[in-house]
Amino acid sequence: MYDFRPDAALPKAELYRQLIAAAAALTEGERDGIANMANVAALMWEYLPDLNWAGFYRVVDGELVLGPFAGRPACIRIPLGQGVCGAAAASGTTQLVPDVHAFPGHIACDAASRSELVVPVARDGAVIAVIDLDSPLLARFDSEDAAGVEALAAMLATRI
Ligand code: SME
């Protein structure tokens with residue numbers, strides 16, 4: 001049994017340090033990328049407060065396809081360049097969106113979402129997936145969240 005219980009009072013940087021350590025331990029030596037994404041989606045859901053969706057989209061044959069996640073059922077396929085996830089995948093850059101209603105082309109999988117953070121996972125110079133976090137709170141994510149999820153993405157690049 002894995003029991004990585006986060007302490008809600010931790011400073012954000014420490015919370016991400018612990019999340020990444022837990023994710024590294026859970027994925028260490030496991031070659032199945034889907035299994036690893038599934039466990040990391042569950043960890044993000046447990047560690048990070050105020051989320052309504054946490055998970056992965058994978059780049060498959062030139063489009064994003066839904067991967068393992070926690071939260072409500074979501075859009076299955078997203079063309080590169082569309083929505084927040086598609087923008088992250090097409091540009092290879094983190095998308096920090098404080099108000100999704102102000103993001104042109106945002107794809108509303110869950111009407112409750114108000115802010116979003118999407119971080120690309122790159123391997124050998126190509127984006128292979130994105131990590132997507134959604135929150136019902138306006139401006140839930142900041143630069144510390146972006147840095148934390150980028151570090152998580154870098155650790156996972158060879159494990160998914
Ligand atoms: N809102 C995302 C779509 C994915 S769902 O939020 C899970 C977007 O605009 O890309």
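Heavy atoms only: backbone and side chains are in, while hydrogens, waters and symmetry mates are out. Along the sequence shown, residues carry numbers from 1. Whatever order the structure lists them in is the order used to number ligands and atoms, beginning at 1.
No side-chain heavy atom of Leu137 sits under 4.5 Å from any side-chain heavy atom of Arg114. Side-chain contact between Ser135 and Phe141 is present, with at least one heavy-atom pair separated by less than 4.5 Å.
Side-chain atoms of Ser113 and Asp134 form a donor-acceptor pair, as typed in the model, at a separation below 3.5 Å. Asp110 and Asn52 form a side-chain donor-acceptor contact under 3.5 Å, judged by distance and modelled atom types alone.
Shown here for Ala74 and Tyr57, the closest heavy-atom pair between the two residues is CB-OH, 3.6 Å.
Within 4.0 Å of ligand 1, protein heavy atoms come from Trp53, Tyr57, Ala74, Ile78, Gly83, Val84, Cys85, His106, Ile107, Cys109, Glu116, Asp132, Asp134.
A salt bridge links Arg140 to Asp145: at least one charged side-chain nitrogen sits closer than 4.0 Å to a carboxylate oxygen.
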